[in-house]
Amino acid sequence: MSRPGADMTGLDGLLARVAETIGTPSYVYVTDAIERRLAELRAHLGPWFAFSYAMKCNPNPELLRWLSGRVDLLDVSSIGEFRLARSAGWAARLASFTGPGKQDFEIDEAIASELGELVVESYREAQIADRMAQRRGRVQDILIRLSPAVVPKGFGDHMAGRPSPFGLDVESSSDDLRRIASLPRLRIVGLHIYSGTQSLKPDAICDNYRIFIECFRSTCELLDLTPEKLVFGSGLGIPYHAGDSGLDLAAVALGIGADLDDLKNDPRFRGTQLILELGRYLVGEAGYFLTRVVSIKESRGTRIGVCDGGMNNHLPASGHFGMVIRRNYQMHRVGGGDGEEKIDLSGPLCTSIDRLATGILLPRLEEGDVVAVHTSGAYGLTASPIHFISHAAPREVMIEGMQMRDVTRQWYLGGGEAEQLLRKENPAA
Ligand SMILES: Cc1ncc(COP(=O)(O)O)c(C=O)c1O
């Protein structure tokens, strides 16, 4: 609830209005912030790259609809995501399909629906795709996913250089590459690497892209491939915690520009479209999670605010999504306030791991106050165990300019129609 005398103009005023009119817990996505981020990406990296949105980070259908036409391409990782994207207006040919556990029916439906590229993660998967393409009378475009042997220091979250379910281990890939290339119903249009994320260090990001370039060059040589596409899993990170500074995109461009120019000047890659595939960097900072303090408790010298949404709505903020050590997300009290006081924030679940903040400094919170958790636009709702303890699902709201729109996904509210969209069977079969 807003405080008397608080500045209710601007973003904070809109967040307060969402909390009052639509309610809490809720996610808010601010499209102006995404627009700005896209403009920065295009200004700094646009000379080399097209951009692909990895929708796993936020598959809200209205957000997807908004992104269609603004972002060049889409990465989906299940047939459910593919169906969602199409029903949100994305053309199938703009989508690529990654994921290490694709099932036959997913591959079949994607091929039958004229998916852009299947990102093949193994020879086994390639064989299935080849069979499905044969059955459908099609030749399917594929990207081969490579798993590099190394990732530079600076990627907290990475999957390279150790046993990995993703893609072909680059150092031992030659037999599988040749076998994939021999499959008659698949056309290799390029290569794909996504080996780490959440780096805030331009040098590490550039070193990582140099590793990609090396892998791309050697693989193209081996296959004698002139690729149409090379996908770089971006690795671009966002500042989640106090003390993190935002990534310097200009430094990334400066650090890697010459290598990308070299690549583009090589006759083999002159016609190649380079694609930066990213999720959090595009939408993460444009999202807020609003939760209301239901009760305040003083316990053994610690002030605790129990909120109406916690780990069930926002798993990453509770520290259980790929973090070794839980650190507080940045947050503020909606409506502002004077002074600061230490408080722990927990969610409504009957488990001690349902924690949103430990010893965070915020203006004094009282029952009914609303807290806005920052950097919540990616891996928020979609990555959270919303059914645990059967609380109502959070709302989702898009703010475009000064307009707010309830864009809550129906199936979180028990809607049968959306549930059907994700049914196992191919509805077109
Ligand atoms: C294949 C692939 N591409 C892109 C992404 C997006 O990553 P991020 O949101 O960290 O940019 C992911 C995330 O897991 C991924 O698996």
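Because the structure is a prediction, the values reported are computed rather than measured. Remember, it's 1-based here, ligands and their atoms both numbered in the order they're listed. All residue numbers refer to positions in the sequence shown, counting from 1. Heavy-atom basis, side chains included; hydrogens, waters and symmetry copies ignored.
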When Ile188 is tested against each of Val120, Thr219, Leu183, Leu225 for side-chain contact (heavy atoms from CB on, under 4.5 Å), which residue passes?
Leu225
Does the side chain of Leu260 come within less than 4.5 Å of Phe49's, by heavy atoms?
yes
Restricting to salt bridge (charged side-chain N to carboxylate O under 4.0 Å, His left out), what partner residues turn up for Glu40, sequence neighbours left out?
Arg37
Is ligand 1 under 4.0 Å from a heavy atom in the side chain of Lys56, in the backbone, in both, or in neither?
side chain
Do Thr98 and Ser77 have side-chain atoms, one donor and one acceptor, less than 3.5 Å apart?
yes
Show which atoms of ligand 1 fall inside a sub-4.0 Å distance from at least one heavy-atom site of Leu278.
11 (O)
If the cut-off is 4.0 Å to any non-hydrogen atom of Arg280, which atoms of ligand 1 fall inside it?
8 (P), 9 (O), 10 (O), 11 (O)
Is the closest N or O pair between Glu277 and ligand 1 shorter than 3.5 Å?
yes
Against ligand 1, does Tyr379 come closer than 4.0 Å with any heavy atom?
yes
Flag Cys57 as yes when one of its N or O atoms lies below 3.5 Å from any N or O atom of ligand 1, and as no otherwise.
no
Check for a donor-acceptor pair, side chain of Thr382 on one end and backbone N or O of Tyr379 on the other, with a separation under 3.5 Å.
no
Please name all residues satisfying side chain to side chain donor-acceptor pair (under 3.5 Å) with Arg210, sequence neighbours left out, ordered by chain then number.
Asp207, Asp259
Has ligand 1 got any nitrogen or oxygen that is less than 3.5 angstrom from a nitrogen or oxygen of Thr197?
yes
Ranked by distance from atom 7 (O) of ligand 1, the top protein heavy atom is Tyr194 OH, 3.0 Å
Quick check on contacts: which atoms of ligand 1 are under 4.0 angstrom from a heavy atom of Gly279?
6 (C), 8 (P), 9 (O), 11 (O)
Any chance NZ of Lys264 has more than 12 other-residue heavy atoms, nucleotides or ligands included, within less than 6.0 Å?
yes
Just so I know, are the side chains of Arg138 and Glu114 near enough to count as touching, which here means a heavy-atom distance under 4.5 Å?
yes
Taking only heavy atoms of Ala54 into account, list the atoms of ligand 1 that are under 4.0 Å away from them.
4 (C), 5 (C), 6 (C)
Ignoring angles and geometry beyond distance, decide whether Thr98 reaches within less than 3.5 Å of ligand 1 through its nitrogen or oxygen atoms.
no
